[in-house]
Amino acid sequence: MTPPALVVTLKGLGLTSLAKVVPTLLETARQQQWPYETVLAQAVEAELAGRAERAYARRVRAAHLPTTKSLESFDFAFQPSLSERLVQELGTLGFVQTATNIVLLGPPGVGKTHLALALTARALEAGYSARFTTLRQLADELETTSWRQQRRRYLTPRLLVIDEIGYLRLTASQAQQLFDLVTARYEQAPMVLTSNRSFAEWGTLLGDDVLATALLDRLLHHAEVIPITGQSYRMKDRRLSEPAAAVPSADSGVRKEG
Ligand code: ADP
Ligand code: MG
């Protein structure tokens, strides 16, 4: 009963979500004898909900997350060195508002990337833009992409995650560009960084102690530094399966690896 022209017009106006549901919506309205106000309110709501969903999907795509992780799936009991209260507090995203950086430090497997991804997921859900990258990827791109592209990728997003600082030594020009990036975001927009190196070692990473000091000065001025000193979660299953391995049984052929 909905005139096809109406659907076309709605699409033409960019009201694509409403265009999709309008036949059903009008049919329900007729059956349930909705007042005009309800019909209009439902129509507007359908369009707004559709837009919010598409915007969220766009933000998620633009963030380039390697996988999805959540704070809910983080086992705090396994990592007693980490304050659950602090992490949950960070999950309420005050740090995004105040442009406070978060630096997660610790050996491999303690959940640094997991937490960085979980905080990013929260930010995306809350409507912030974000971008996830590793230092290796960032260092490559700083050298091979235009300044415009770099701005779009690393300055425009409200939250920038740089994962795995410490596996790569930067060239002089990469170190300088990383410094420029940190300076440009300083007090404007927050970063989440993860590293398996202590700050004392960042001079070596950047190949320049003076530059590293200046970078850390800006980075840590407004920052939450979170050292995680516990065990690797990747080893958890392995450790648990060790006693079983000592006593071979018929079904011990399959071992779960981290
Ligand atoms: P890191 O970045 O510190 O090397 P990851 O965050 O990559 O460690 O963690 C390794 C794997 O273990 C990931 O699959 C992650 O989801 C999982 N993991 C680590 N710590 C925990 C934890 N406390 N609770 C649940 N999963 C964890
Ligand atoms: Mg990691």
Side-chain angles (χ1 to χ4, degrees), residues 60 63-93 95-96 100-125 130-142 153-154 157 159-170 174 178 181-182 190-202 204-206 212 215-216 219-220 223-242 244-245 254-258:
V60 170
H64 288 83
L65 305 180
T67 50
T68 312
K69 299 282 179 183
S70 68
L71 287 186
E72 288 73 18
S73 68
F74 193 83
D75 179 3
F76 286 93
F78 184 79
Q79 218 52 269
S81 75
L82 186 65
S83 159
E84 174 168 8
R85 215 182 54 93
L86 170 65
V87 175
Q88 296 294 359
E89 163 69 25
L90 294 173
T92 64
L93 304 176
F95 77 97
V96 181
T100 301
N101 297 317
I102 298 175
V103 188
L104 296 155
L105 296 176
V110 294
K112 302 181 299 295
T113 303
H114 184 130
L115 291 171
L117 286 166
L119 291 172
T120 309
R122 283 275 172 98
L124 293 168
E125 282 159 22
R131 175 85 187 200
F132 183 99
T133 187
T134 61
L135 184 62
R136 175 176 295 279
Q137 200 182 346
L138 177 69
D140 282 349
E141 292 187 357
L142 286 176
R153 283 184 199 172
Y154 305 118
L159 177 64
L160 176 67
V161 181
I162 307 177
D163 197 24
E164 295 187 349
I165 297 175
Y167 292 101
L168 174 78
R169 288 198 184 186
L170 300 184
Q174 288 169 335
L178 179 67
L181 179 62
V182 170
M191 288 187 282
V192 175
L193 308 184
T194 81
S195 182
N196 60 353
R197 306 281 167 169
S198 69
F199 293 131
E201 295 171 283
W202 284 36
T204 313
L205 288 177
L206 299 181
L215 182 144
L216 287 171
L219 188 70
L220 301 179
E224 194 70 65
V225 177
I226 305 176
I228 313 176
T229 54
Q231 299 291 316
S232 166
Y233 196 84
R234 293 193 184 99
M235 297 301 193
K236 190 178 88 144
D237 295 337
R238 192 169 309 189
R239 275 209 320 278
L240 289 176
S241 66
E242 224 85 285
V254 183
R255 295 272 305 274
K256 198 175 171 198
E257 295 293 331

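Start at 1 and go down the list; that is how both ligands and their atoms are numbered. Because the structure is predicted, anything quoted here is derived from the model rather than measured.
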Subject >> Note, V87 side chain near R85 side chain (heavy atom, < 4.5 Å) >> reply: no
**OP:** Could you tell me whether S232 approaches ligand 1 through its side chain, its backbone, both or neither, with non-hydrogen atoms closer than 4.0 Å?
**Re:** neither
**OP:** Determine, using heavy atoms of S73 and all atoms of ligand 1, whether some pair is separated by less than 4.0 Å.
**Re:** yes
Original post:
Does the side chain of L90 reach to within under 4.5 Å of the side chain of T100, using non-hydrogen atoms?
Top reply: no
Original post:
Which heavy atom of the protein is the closest neighbour of atom 4 (O) of ligand 1, given with residue, atom name and distance?
Top reply: G109 N, 2.7 Å
Original post:
Can you find an N/O atom of G111 closer than 3.5 Å to an N/O atom of ligand 1?
Top reply: yes
Original post:
So which protein heavy atom does atom 15 (C) of ligand 1 come closest to, and at what separation?
Top reply: H114 ND1, 3.4 Å
Original post:
Tell me, which protein residue and heavy-atom name are nearest atom 2 (O) of ligand 1, and how many Å apart are they?
Top reply: T113 OG1, 2.7 Å
Subject >> Residue, atom name and distance, where the atom is the protein heavy atom closest to atom 23 (N) of ligand 1 >> reply: D75 O, 2.9 Å
Original post:
Of all the non-hydrogen atoms in the protein, which one sits nearest to atom 11 (C) of ligand 1, and at what distance?
Top reply: R234 CG, 4.1 Å
**OP:** For Q79 and Q231, indicate whether the former's side chain and the latter's backbone hold a donor-acceptor pair under 3.5 Å.
**Re:** yes
Original post:
Taking only heavy atoms of P108, which atoms of ligand 1 are found under 4.0 Å from at least one of them?
Top reply: 4 (O)
Subject >> Contact (N/O only, under 3.5 Å) between V110 and ligand 1 >> reply: yes
Original post:
Quick one: are P107 and N196 in side-chain contact, heavy atoms under 4.5 Å?
Top reply: no
Original post:
Is the distance from the Mg ion (ligand 2) to the nearest N/O/S atom of T194 under 2.8 Å?
Top reply: no
Original post:
Would a 4.5 Å heavy-atom cut-off, applied to side chains only, mark L135 and L193 as touching?
Top reply: no
Original post:
Does a side-chain heavy-atom distance below 4.5 Å link L219 with M191?
Top reply: yes
Original post:
If you measure from the Lys or Arg side-chain nitrogens to the Asp or Glu carboxylate oxygens, is any gap between E72 and R122 under 4.0 Å?
Top reply: yes
Original post:
Counting from 1, what ligand 1 atoms have a heavy atom of K69 closer than 4.0 Å?
Top reply: 13 (C), 14 (O), 15 (C), 16 (O)
Subject >> Non-hydrogen side-chain atoms of R197 and L205 separated by less than 4.5 Å >> reply: yes
Original post:
Checking K112 side chain against G106 main chain: does a donor-acceptor pair fall under 3.5 Å?
Top reply: yes
**OP:** Could you tell me whether some N/O pair between K112 and ligand 1 is separated by less than 3.5 angstrom?
**Re:** yes
**OP:** Would you mind finding which of Y233, F78, F76, F74 brings a heavy atom closest to atom 27 (C) of ligand 1?
**Re:** Y233
